[in-house]
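Quick note: numbers below take in every heavy atom, side chains included, and nothing from hydrogens, waters or symmetry partners. Treat the numbers as computed from the prediction; the structure is a model and nothing was measured.
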2 protein chains.
Amino acid sequence: MALDRRSGCPINLSLEVFGDRWSLIILRDMIFGGRRHFRELLNGSIEGIASNILADRLKRLMELGMLTKADDPSHKQKAIYSLTEMAITLVPILAHLGAWGRVWLPTSEELSIRAELLEQGGPPMWEKFMDELRHEHLGIPLDTAGPSVRATLQAAYQAVVAKKAADASPAA
Amino acid sequence: MALDRRSGCPINLSLEVFGDRWSLIILRDMIFGGRRHFRELLNGSIEGIASNILADRLKRLMELGMLTKADDPSHKQKAIYSLTEMAITLVPILAHLGAWGRVWLPTSEELSIRAELLEQGGPPMWEKFMDELRHEHLGIPLDTAGPSVRATLQAAYQAVVAKKAADASPAA
DNA sequence: TCATCTGCTTGCATTTTGCAATCAGTTGCA
DNA sequence: TGCAACTGATTGCAAAATGCAAGCAGATGA
C-alpha cells in the first residue's frame with residue numbers, strides 16, 4: 001500500500017502516512033510502551049485495536065519504511081517489530097501532540113502525566129529518548145547513563161496510578 | 001459529533017480530533033492559505049476535497065471547538081469561518097509535521113519551501129504567526145510590525161514557482 | 001433577466017472499519 | 001505423549017465512512 005500522493009505538500013504526505021485512527025496509536029505503543037510483538041500490541045492496546053486492523057497497519061507501516069520485522073530467536077512463530085529512524089524521528093511530533101491534547105482535551109490524569117513530563121523535558125529529553133530508541137531498535141551504541149526516559153515516564157505513570165488508588169481507598 | 005473517547009490518552013484524543021484524512025488539511029488551508037469561506041476551501045484545495053466531506057468536517061470542527069462561523073456582512077449567503085485559540089495552537093504541530101514530511105516523504109519543492117522556512121524560523125516564528133492568526137481570527141490587537149509570516153511564506157512559494165517556470169522555459 | 005455564485009444536501013457506489021470466529025503451527029507443562 | 005495456551009495472522013460479514021456527481025434555494029451583479 002503506497003501513498004495516495006494527493007499532493008506533494010509535506011503536511012498532506014505526512015497525513016497520508018499516519019493520518020488515520022490507528023497508525024500513530026501503534027507507533028505510540030511501540031515507542032512509549034516498548035512493545036515489539038503482535039500480541040503485545042493487540043492485547044496491550046487500551047483503545048482495543050482489532051487484529052485485522054493491526055495486521056494491516058503493521059504491513060502498511062513496513063511498506064512505508066517506518067517498521068522492520070525480524071524473527072524472534074526464542075520462538076519460531078514470534079516476530080519482532082522494530083522502529084526505523086523514520087519512525088523514531090516522530091518523537092517530537094508525538095510530544096507536541098500529547099502536549100496539545102493535554103491542554104485542550106479531556107485527558108485522564110494517569111495517561112497524561114507522561115505527556116506532561118515529556119513537554120517539560122523539551123527537545124533535550126526527546127533527543128535522549130530518541131537515542132535510547134535507536135539503541136533498542138537499531139542497535140546503535142548508547143553513551144548516556146542513568147535511568148532511561150521510558151523508565152522515568154513509566155515510573156511517573158505508576159506513581160499517579162498508586163496515588164489515585166490510595167485516594168480512592170484511604171483506609172490503611 | 002463528539003469524541004469517541006476510546007481512551008483518555010492525550011495522543012489518542014488528539015487523533016480523535018484530527019486523525020483523519022481531511023480535518024488537518026482544512027485547518028492547514030485556513031492557517032497557511034488564509035481561507036475563510038466554504039467555496040475557497042472547496043475550490044482552493046489542491047487535494048480536491050468533496051463538498052459533502054468539507055461540510056461535514058467544518059461542522060465537526062465547530063462542534064469540537066476548533067472553528068466558529070459568522071455571517072459575512074458583504075453577502076447574505078456567505079459565512080466566515082474563524083479559527084479558535086484551540087486551532088491556532090496547532091501551528092507548532094503543523095510545523096513539525098511539515099518538517100518531518102519534508103525529510104522523509106517525496107514532497108514537491110514549491111510546496112515544501114514554506115515548511116522549510118517555518119522550520120528554520122523555529123518557535124519564535126511560530127509565535128509570531130500565531131499572534132497574527134489571533135489578530136485575523138479573534139480580533140486581538142497586533143503589536144508586531146513588518147511583513148506577516150504568511151506573506152513571507154507565500155512570497156517564498158511564489159519565488160520557487162517562478163524559478164521553476166524560468167528553468168522550464170529558459171528562452172528570454 | 002439571467003448567468004453566476006452562495007453554502008450545503010442528496011443519492012448511490014465503493015472502500016474502510018469493527019467484530020467475532022478461526023487457522024496452522026509452536027511451545028511449555030504434566 | 002497429550003493437550004492447553006500462545007504465535008501472527010486471515011476470513012466472513014455487517015456497519016460506517018468516503019468519493020463522486022448532481023442538485024437545491026436563495027443572493028448577487030451586469
Side-chain angles (χ1 to χ4, degrees), chain A residues 1-7 12 15-27 29-30 33 35-64 66-82, chain B residues 1-7 12 15-26 29-30 33 35-64 67-82:
Chain A
M1 198 189 286
L3 289 175
D4 278 357
R5 304 287 238 108
R6 301 186 296 189
S7 85
N12 172 60
L15 283 178
E16 292 190 21
V17 169
F18 48 77
D20 71 279
R21 272 163 125 57
W22 291 112
S23 298
L24 261 196
I25 293 290
I26 293 168
L27 292 168
D29 284 349
M30 291 188 68
R35 308 192 209 288
R36 308 290 296 266
H37 302 291
F38 189 95
R39 290 281 163 173
E40 281 180 328
L41 288 163
L42 186 65
N43 301 328
S45 159
I46 47 176
E47 285 87 13
I49 191 170
S51 61
N52 53 349
I53 307 284
L54 176 58
D56 177 79
R57 290 304 185 281
L58 288 172
K59 183 166 161 248
R60 184 173 140 88
L61 288 171
M62 285 171 55
E63 287 168 359
L64 290 170
M66 307 269 283
L67 299 179
T68 57
K69 183 167 143 182
D71 290 339
D72 185 332
S74 78
H75 189 304
K76 285 188 182 170
Q77 274 188 319
K78 268 191 180 173
I80 300 184
Y81 289 94
S82 297
Chain B
M1 201 189 286
L3 290 175
D4 278 358
R5 304 287 238 109
R6 300 186 298 191
S7 85
N12 171 59
L15 283 179
E16 293 191 19
V17 169
F18 48 77
D20 72 280
R21 272 164 126 56
W22 291 111
S23 297
L24 261 196
I25 293 289
I26 294 168
D29 284 349
M30 291 188 69
R35 307 194 210 286
R36 307 290 295 268
H37 301 290
F38 190 94
R39 290 280 165 171
E40 280 179 330
L41 288 162
L42 185 65
N43 300 328
S45 158
I46 47 177
E47 285 86 12
I49 190 170
S51 60
N52 53 349
I53 308 283
L54 175 59
D56 178 80
R57 290 304 185 283
L58 288 173
K59 183 167 161 244
R60 184 175 141 89
L61 289 170
M62 285 172 54
E63 287 168 1
L64 290 169
L67 298 179
T68 57
K69 181 168 141 182
D71 290 338
D72 184 331
S74 78
H75 190 303
K76 285 188 180 168
Q77 273 188 321
K78 268 191 181 174
I80 300 184
Y81 290 93
S82 297

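One interatomic measurement links the two molecules: CG of L41(A) to C1' of dA9(D), which rounds to 13 Å at whole-angstrom precision. In this structure, I80(A) atom CD1 and dG8(D) atom P are separated by 10 Å, rounded to whole Å. Rounded to an integer number of Å, the gap from I49(B) CD1 to dT18(D) C1' is 11 Å. Per the geometry, CD1 belonging to I26(B) stands 12 Å off P belonging to dC8(C), to the nearest Å. Rounded to whole Å, the distance from CG on D72(A) to C1' on dG25(C) is 16 Å. One interatomic measurement links the two molecules: CG of D71(A) to P of dT26(C), which rounds to 12 Å at whole-angstrom precision. Note: CG (N43(A)) to C1' (dG8(D)) measures 12 Å, nearest angstrom. Taking atom CD1 of residue I53(B) and atom P of nucleotide dT10(C), one finds them 15 Å apart after rounding to whole Å.
Closest approach to the K76(B) side chain among dA27(D), dG7(C), dG8(D) is made by dA27(D) (side chain taken as heavy atoms from C-beta onward). For Y81(B), counting side-chain heavy atoms from C-beta on, the closest listed nucleotide (dT28(D), dG7(C), dT26(C)) is dG7(C). Set against dG18(C), dG8(D), dA27(D), the side chain of H37(A) has dG8(D) as its closest nucleotide. Set against dG8(D), dT26(C), dG7(C), the side chain of A79(A) has dG8(D) as its closest nucleotide. With distances taken from any side-chain atom of W22(B) to the nucleotides dA27(D), dA20(C), dT18(D), the minimum falls on dT18(D).
Looking at which nucleotide of DNA chain D each of Q77(B) and R36(A) is closest to, the 5′-most match is held by R36(A). The residue among N52(A) and K78(A) whose nearest nucleotide of DNA chain D lies closer to the 5′ end is K78(A).
Counting only residues at least two apart or on different chains, the salt bridge (Lys or Arg N to Asp or Glu O under 4.0 Å) pairs with a member in residues 41-55 of chain A are R28(A)-E47(A).
The side-chain heavy atoms of D56(A) and I53(A), taken from C-beta on, include no pair separated by under 4.5 Å.
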